[in-house]
Q: 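I have a structure here, written as structure tokens, and I will follow up with some questions on it.
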Protein chains: 2
Amino acid sequence: MGHESRVTLADVAERAGVSVSTASLAFSGSGPVSEATRERVHAAAAALGYGGPDPRARSLRRGRSGIVGVVLEERVRSAFLDPVKIQMLDGITDGIAPLDAGLLLLTETIESSVGLDSAPVDAVVLIGCSPRLEESVDRLRRRGIPTVAIEGTPAPDIVTVGIDNRDATRRGAQHLRDLGHTRVQVVALPADPERTRGRFDADFAGSPLADTMTERLAGAREVFPGITGWYGRASSIEEGLEGGRRLLGDVDPDDRPTAIIAQSDLLAAGVIRAAEELGIRVPEDLSVLGFDGIRPDGLETDLTTLVQPSIEKGRAAGAAVVRMLAGEQPPNVDFTSVLHVGATTAPPGSPVE
Amino acid sequence: MGHESRVTLADVAERAGVSVSTASLAFSGSGPVSEATRERVHAAAAALGYGGPDPRARSLRRGRSGIVGVVLEERVRSAFLDPVKIQMLDGITDGIAPLDAGLLLLTETIESSVGLDSAPVDAVVLIGCSPRLEESVDRLRRRGIPTVAIEGTPAPDIVTVGIDNRDATRRGAQHLRDLGHTRVQVVALPADPERTRGRFDADFAGSPLADTMTERLAGAREVFPGITGWYGRASSIEEGLEGGRRLLGDVDPDDRPTAIIAQSDLLAAGVIRAAEELGIRVPEDLSVLGFDGIRPDGLETDLTTLVQPSIEKGRAAGAAVVRMLAGEQPPNVDFTSVLHVGATTAPPGSPVE
DNA sequence: TATCGTAGTCGAAACGATTCGATTCGGTGT
DNA sequence: ACACCGAATCGAATCGTTTCGACTACGATA
């Protein structure tokens with residue numbers, strides 16, 4: 001039963017003895033309908049097993065679907081493993097609450113990203129959007145879909161929400177320098193769209209596209225000009241572990257860095273784990289600086305890190321969406337990170353307490 | 001610029017000098033169109049800044065929106081804090097991959113749950129759906145929307161995906177009994193829709209609605225018939241901590257349980273933390289059994305727990321959705337959990353190694 | 001009593017695409 | 001040269017609502 005023709009508003013109207021338009025009003029509540037009529041319509045609906053107006057037709061007519069798309073650059077799985085992303089998502093739901101819209105998870109899959117322009121969204125939020133998205137952003141713009149990018153390259157017609165990546169990292173690096181560190185290296189976020197990993201040297205220009213990575217690196221260089229390091233394939237403990245092994249294990253102990261600037265807390269957690277493996281003590285033999293201010297899974301020490309307001313970022317993005325849908329043109333937003341000095345940084349070569 | 005009337009397929013068709021239907025074919029590719037025509041249409045589209053067919057209209061006509069709804073019983077925020085939920089979500093995305101549809105996050109908000117029946121979804125997956133959903137499920141059924149419930153009460157017309165909650169817990173409890181435990185208590189999942197918390201005694205019937213909790217409790221009772229305990233407001237470390245304090249701290253040390261069956265790993269982690277607070281050693285003075293097989297944030301010990309295949313559950317749910325949309329009627333699925341013996345269970349009163 | 005405003009209702013025109021059946025039109029097979 | 005076929009194209013109906021303007025009563029105002 002049930003796969004015959006569906007019950008429509010017209011059926012309900014007929015049974016209730018009213019016109020379709022009246023029946024519509026009885027449901028949507030926008031317009032004057034007598035109490036008696038409303039009841040009759042609802043009764044008819046119940047009798048016919050009508051479940052309410054079809055959202056598809058409604059959204060076509062209204063021009064709004066009540067859905068906000070969220071584009072994650074990676075697989076949903078990996079996005080959900082990153083606490084920062086989750087916090088942003090949470091902030092977004094907060095921010096768009098006034099719309100009472102749903103959140104549609106879209107992943108920037110290979111190529112066509114079918115979802116992105118066949119999805120009935122009223123607006124889109126790009127989270128940590130990668131360069132590959134350029135083209136998609138273009139299509140969104142053409143379709144006139146309001147777009148907000150968190151940590152994205154600023155572009156005409158889209159609102160961006162970001163943080164002071166460069167300056168924050170500079171302050172963190174300065175903290176290390178103040179402690180007396182001079183041999184410092186970086187374990188960085190992915191540097192290219194192909195998601196490779198490897199060492200980079202002092203000349204490394206970064207990718208114009210991997211904005212976050214490049215900015216944070218620039219901040220580190222303001223304090224340690226010739227700084228080199230390693231970039232991973234993702235922001236994860238695993239990649240940090242790999243990077244840590246390379247930077248700490250493959251070298252003559254005398255050349256080994258006394259401090260590592262990790263571009264995320266997850267990477268930092270990996271670096272610390274690598275140090276453990278190699279018998280290097282943190283912070284006595286090695287200082288580690290993170291970025292994000294989350295508490296990485298399984299890391300029990302209090303990480304020195306640059307705390308960024310992830311939830312706020314999401315909330316701001318959500319708020320921007322709301323305003324754009326209201327016809328305004330909200331300004332870009334920039335947040336500030338603060339240095340949290342924990343237990344993973346200390347003067348180089350300091351004795352065990 | 002841009003808020004005039006939008007460009008439609010008709011405009012494109014006219015400019016390309018073809019009929020609307022041909023233009024449509026040129027885009028959707030379903031039907032014979034000469035190469036020349038297709039190019040002309042696309043050129044016209046580009047010239048006019050047409051971003052492709054409007055998904056709203058398309059979905060009305062096609063009767064499919066390409067969106068699968070996921071209903072989380074709680075706020076999105078708290079759902080994302082539960083690793084089990086995340087794993088299921090991940091599994092779902094995997095499972096519905098063949099549809100290449102988006103995932104719409106819906107929360108069972110108070111009352112009307114605006115989202116649930118005004119959302120243009122082709123199918124819905126309920127995750128850990130609470131009893132309050134009964135009514136919503138009803139509406140979904142009426143609308144003829146295929147519905148899959150993970151850990152939900154079986155109901156006509158909906159497919160359920162579950163695990164052997166009862167039997168698994170029984171095996172876990174048996175493990176404790178085999179170790180020699182007799183004073184055992186439970187720290188349980190929420191027991192009622194109002195999300196209160198408190199003690200429950202040997203007569204406690206559970207809620208017919210909080211299925212998971214009741215089933216797992218029943219399993220424990222098969223081994224320890226008169227077992228009592230505490231139920232929390234959520235599955236979280238925090239609630240486990242609270243429960244642990246009550247069961248371990250508020251009693252005469254001689255009556256104190258020698259083992260606690262936690263109904264989730266997060267609760268177990270909380271219990272362990274409570275034990276630490278109270279100076280109770282795990283597993284020497286207290287054995288703790290978890291459920292889920294995740295690695296709770298910040299817990300460094302290897303938890304003895306019942307490992308359930310969360311990702312598989314999600315995947316199965318996704319697969320069921322796919323089959324339902326294909327017109328089949330897939331069977332319910334039940335998975336099996338396996339006992340992982342870690343370092344948090346030991347014979348009662350055993351000496352420190 | 002004539003007039004006006006208003007609550008309630010209705011018809012019909014969108015909304016923007018897809019799709020079914022019909023129509024054209026070169027080109028084969030015989 | 002005749003009927004016939006498939007490819008390409010087109011017209012028109014359809015998906016199920018919402019909304020706009022028009023129309024009816026009916027009580028209130030002048």
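All chains are named by letter (A, B, ...) in the order of the sequence lines, taking the proteins before the strands, and each is independently numbered beginning at 1. Only a predicted model underlies this, so the values are computations on that prediction, with no experimental measurement involved.
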Q: Between A:Ser34 and C:dT9, is there a side-chain N or O to OP1/OP2 distance below 4.0 Å?
A: yes
Q: Output every pair passing salt bridge (charged side-chain N to carboxylate O under 4.0 Å, His left out) with a member in residues 19-33 of chain B, not counting sequence neighbours, ordered by first then second residue.
A: none
Q: Taking the nucleotide of DNA chain D with the closest heavy atom to each, which residue, B:Arg61 or A:Ser28, is nearer the 5' end?
A: B:Arg61
Q: Starting at atom CG of B:Leu9, determine the distance to atom P of C:dC15, rounded to an integer number of angstrom.
A: 14 Å
Q: Heavy atoms under 4.0 Å, any strand shown: does A:Phe27 hit a base, just sugar-phosphate, or nothing?
A: nothing
Q: Phosphate oxygens OP1/OP2 of C:dC10: is one of them under 4.0 Å from a side-chain N or O of A:Thr22?
A: yes
Q: Rounded to the nearest 0.5 Å, how far apart are CG of B:Asn332 and OG1 of B:Thr160?
A: 3.5 Å
Q: Answer with base, sugar-phosphate or nothing: what part of the nucleic acid does A:Thr37 contact at a heavy-atom distance below 4.0 Å?
A: sugar-phosphate
Q: Are more than 12 heavy atoms from other residues, nucleotides or ligands located less than 6.0 Å from atom CD of B:Glu328?
A: yes
Q: Heavy-atom nearest nucleotide on DNA chain C for A:Gly17 versus B:Thr8: which residue maps closer to 5'?
A: A:Gly17
Q: Mark yes when over 12 heavy atoms from residues, nucleotides or ligands other than B:Glu312 sit less than 6.0 Å from its CD; otherwise mark no.
A: yes
Q: Quick check: does any side chain N or O of B:Asp122 sit under 3.5 Å from a backbone N or O of B:Ser65, one acting as donor and the other as acceptor?
A: yes
Q: Looking at A:Arg62, is its backbone amide N or carbonyl O close enough to the side chain of B:Arg56 to form a donor-acceptor pair, meaning the two atoms are under 3.5 Å apart?
A: no
Q: Any side-chain heavy atom of A:Ile92 sitting closer than 4.5 Å to one from A:Asp90?
A: no
Q: Checking all strands, does B:Pro53 fall into the base, sugar-phosphate, or nothing category for heavy-atom contacts under 4.0 angstrom?
A: sugar-phosphate
Q: Among residues 39-48 of chain A, which contact DNA chain D at a heavy-atom distance under 4.0 Å?
A: none
Q: Starting at atom CZ of A:Arg58, determine the distance to atom P of C:dA17, rounded to an integer number of angstrom.
A: 21 Å
Q: Looking only at N and O atoms, is any donor in the side chain of A:Ser21 or the base of C:dG11 less than 3.5 Å from an acceptor on the other one?
A: yes
Q: Nearest whole Å is fine: how far is C:dT9 P from A:Leu25 CG?
A: 9 Å
Q: Looking at B:Lys313, is its backbone amide N or carbonyl O close enough to the side chain of B:Gln87 to form a donor-acceptor pair, meaning the two atoms are under 3.5 Å apart?
A: no
Q: With a strict under 4.0 Å distance from non-hydrogen atoms of chain A, what nucleotide opens and what nucleotide closes the contacted stretch of DNA chain D, reading 5' to 3'?
A: D:dG16 to D:dT19
Q: Take B:Ser21 and B:Ser24 through the side-chain hydrogen bond (donor to acceptor under 3.5 Å, both in side chains) test and state the conclusion after the steps.
A: CA-CA 5 Å; B:Ser21 29; B:Ser24 172; over 6 Å; no
Q: What is the distance, to the nearest angstrom, from the CG atom on B:Leu60 to the C1' atom on C:dT18?
A: 10 Å
Q: Return the 5'-most residue of the pair B:Glu35, A:Ser30 with respect to DNA chain D, ranking by each residue's nearest nucleotide.
A: B:Glu35
Q: Name the nucleic acid region contacted by B:Ser24, choosing base, sugar-phosphate or nothing; use a 4.0 angstrom heavy-atom cut-off, strictly under.
A: base
